[in-house]
Amino acid sequence: MMKTALFPGSFDPFTKGHHDIVLRGLNLFDEIIISIGHNTTKKTRYFEVDFMVDKIEKLYQNHPNVRVVLYNELTSSLAKREGANYLLRGLRNTTDFEYENTISQMNRYLNEELETVFLITSPQFAAISSTIIREVHRYGGDVSEFLPYDI
């Protein structure tokens, strides 16, 4: 049976930390679907979603087992539709764990066949956060060191 994992997030922007999780996840899963969802707690995106899809697709153009989808539904529903039995999530710290654990429990309640797999962020990427990247970029700072593509 093929092991397919969703890697859901708003990815605003997709960072080197996210890229590291995908590359490491490829050692565990046959296919990874980077799932860019609409986050109802965020009113607007900083980077346009089409821009981000293009950057991510180009980043993985030599990885046929990685694809990108947009979604505006429950992650557990998307997983059923895509035939994914795993969610891939990265954890930087205990705060991430507390937040992700709650989401994981609800996803499992909504889809009993959905297992969440947590990967601890590689140390060199632990301080990278999309929120901080957006702020630095907004005020003209150089964020190229933290992104796996040019902007």
Side-chain angles (χ1 to χ4, degrees), residues 1-57 59-60 63 65-138 143 146-149 151:
M1 183 173 147
M2 191 163 153
K3 291 183 181 175
T4 300
L6 292 183
F7 183 35
S10 56
F11 303 117
D12 188 19
F14 190 86
T15 69
K16 283 186 177 179
H18 296 129
H19 181 53
D20 179 60
I21 295 296
V22 170
L23 294 179
R24 291 169 49 213
L26 288 172
N27 293 318
L28 302 171
F29 303 106
D30 300 309
E31 179 183 36
I32 295 178
I33 304 168
I34 299 169
S35 316
I36 303 176
H38 174 71
N39 187 333
T40 57
T41 64
K42 297 177 182 175
K43 301 212 185 294
T44 60
R45 292 185 60 90
Y46 181 76
F47 291 97
E48 293 292 328
V49 72
D50 292 337
F51 171 82
M52 200 51 49
V53 168
D54 181 61
K55 292 297 185 182
I56 297 169
E57 286 178 342
L59 182 62
Y60 296 105
H63 294 273
N65 52 344
V66 176
R67 60 189 172 96
V68 181
V69 299
L70 297 175
Y71 74 108
N72 191 11
E73 62 186 297
L74 292 172
T75 301
S76 60
S77 299
L78 175 67
K80 283 182 187 176
R81 188 163 49 80
E82 292 288 345
N85 287 334
Y86 302 93
L87 292 180
L88 177 60
R89 302 298 296 152
L91 298 176
R92 293 171 297 181
N93 51 43
T94 56
T95 303
D96 282 355
F97 174 77
E98 292 295 326
Y99 176 74
E100 294 292 342
N101 182 52
T102 303
I103 293 171
S104 171
Q105 297 298 327
M106 182 54 72
N107 280 323
R108 186 69 186 252
Y109 171 79
L110 295 169
N111 179 349
E112 291 178 353
E113 298 182 14
L114 193 55
E115 194 69 57
T116 301
V117 175
F118 297 115
L119 293 182
I120 303 301
T121 303
S122 295
Q124 67 269 32
F125 304 120
I128 299 174
S129 118
S130 292
T131 302
I132 292 170
I133 300 303
R134 286 192 306 269
E135 279 300 296
V136 171
H137 187 266
R138 177 177 284 123
V143 296
F146 309 105
L147 304 175
Y149 47 82
I151 54 169

Exercise. Nearest 0.5 Å please: distance from the CD1 atom of I133 over to the OG1 atom of T15.
Key: 7.0 Å

Practice problem: To the nearest 0.5 Å, tell me how far L119 CG sits from L91 CG. | Solution: 8.0 Å

Quiz item: Angle class for the F11/H18 ring planes (parallel below 30°, perpendicular above 60°, tilted otherwise)?
Solution: perpendicular

Quiz item: Does any non-hydrogen side-chain atom of N85 lie less than 4.5 Å from one of M1?
Solution: yes

Self-check item: Side chain to side chain, L87 and P8, heavy atoms closer than 4.5 Å
Solution: yes

Quiz item: R45 side chain to S10 main-chain N or O, any donor-acceptor pair under 3.5 Å?
Solution: yes

Quiz item: Which atoms form the tightest heavy-atom contact between S35 and L6, and what is the distance?
Solution: OG-CD2, 3.4 Å

Quiz item: Which distance, rounded to the nearest 0.5 Å, do you find between the CD1 of I36 and the CG of N72?
Solution: 13.0 Å

Quiz prompt | Side chain Y71, main chain S77, donor-acceptor under 3.5 Å | solution = no

Quiz item: Does some side-chain heavy atom of H63 sit less than 4.5 Å from a side-chain heavy atom of L23?
Solution: yes

Practice problem: Over all heavy atoms of both residues, which pair between K80 and N111 is shortest? Give the atoms and the distance, please. | Solution: CG-ND2, 3.3 Å

Exercise. Classify the angle between the aromatic ring planes of Y60 and H19 as parallel (below 30°), tilted (30 to 60°) or perpendicular (above 60°).
Key: tilted

Quiz item: Should the heavy atoms of other residues, nucleotides or ligands under 6.0 Å from CD of E112 be counted, would the total exceed 12?
Solution: no

Exercise. Please report the C-alpha distance between L59 and V22 in whole Å, then the side-chain angles of each, then the deciding distance to 0.1 Å, and finally whether the side-chain contact (heavy atoms from CB on, under 4.5 Å) criterion is met.
Key: CA-CA 11 Å; L59 182 62; V22 170; over 6 Å; no

Quiz prompt | Backbone of I120 reached by a side-chain donor or acceptor of R24 within 3.5 Å | solution = yes

Practice problem: Carefully, step by step, assess F97 and R89 under the rule side-chain contact (heavy atoms from CB on, under 4.5 Å). | Solution: CA-CA 10 Å; F97 174 77; R89 302 298 296 152; over 6 Å; no

Quiz item: Run the side-chain contact (heavy atoms from CB on, under 4.5 Å) check on L78 and V69 step by step: do they pass?
Solution: CA-CA 10 Å; L78 175 67; V69 299; 4.3 Å; yes

Quiz item: Say you draw a straight line from CG of L114 to OH of Y86; how long is it, rounded to the nearest 0.5 Å?
Solution: 10.0 Å

Quiz item: So, does Y149 use its side chain to make a donor-acceptor pair with the main chain of F14 at under 3.5 Å?
Solution: yes

Quiz item: Roughly how far, to the nearest 0.5 Å, is the CG atom of D30 from the CG atom of N65?
Solution: 8.0 Å

Quiz item: In terms of the angle between their ring planes, are F47 and F51 parallel, tilted or perpendicular, with boundaries placed at 30° and 60°?
Solution: parallel

Practice problem: Kindly determine whether R67 and E82 satisfy side-chain contact (heavy atoms from CB on, under 4.5 Å), including the steps that lead there. | Solution: CA-CA 11 Å; R67 60 189 172 96; E82 292 288 345; 2.6 Å; yes

Quiz item: Does atom CD of E73 have more than 12 heavy-atom neighbours from other groups under 6.0 Å away?
Solution: yes

Quiz prompt | Minimal non-hydrogen separation, R92 against A126, with atom names | solution = CD-O, 3.5 Å

Exercise. Verify the neighbour count for atom CD of E113: are there more than 12 heavy atoms of other residues, nucleotides or ligands below 6.0 Å?
Key: no

Quiz prompt | I132 side chain reached by F146 side chain, heavy atoms, under 4.5 Å | solution = no

Practice problem: Without swapping roles, check the side chain of T131 against the backbone of S129 for a donor-acceptor pair under 3.5 Å. | Solution: no

Quiz item: Got a second to check how far T4's OG1 is from L88's CG, nearest 0.5 Å?
Solution: 12.0 Å

Quiz prompt | Residue pair S130 / D12, side-chain heavy-atom distance below 4.5 Å | solution = no

Exercise. Grab the two heavy atoms, one from G25 and one from I32, that are nearest each other, plus how far apart they are.
Key: C-CD1, 3.5 Å

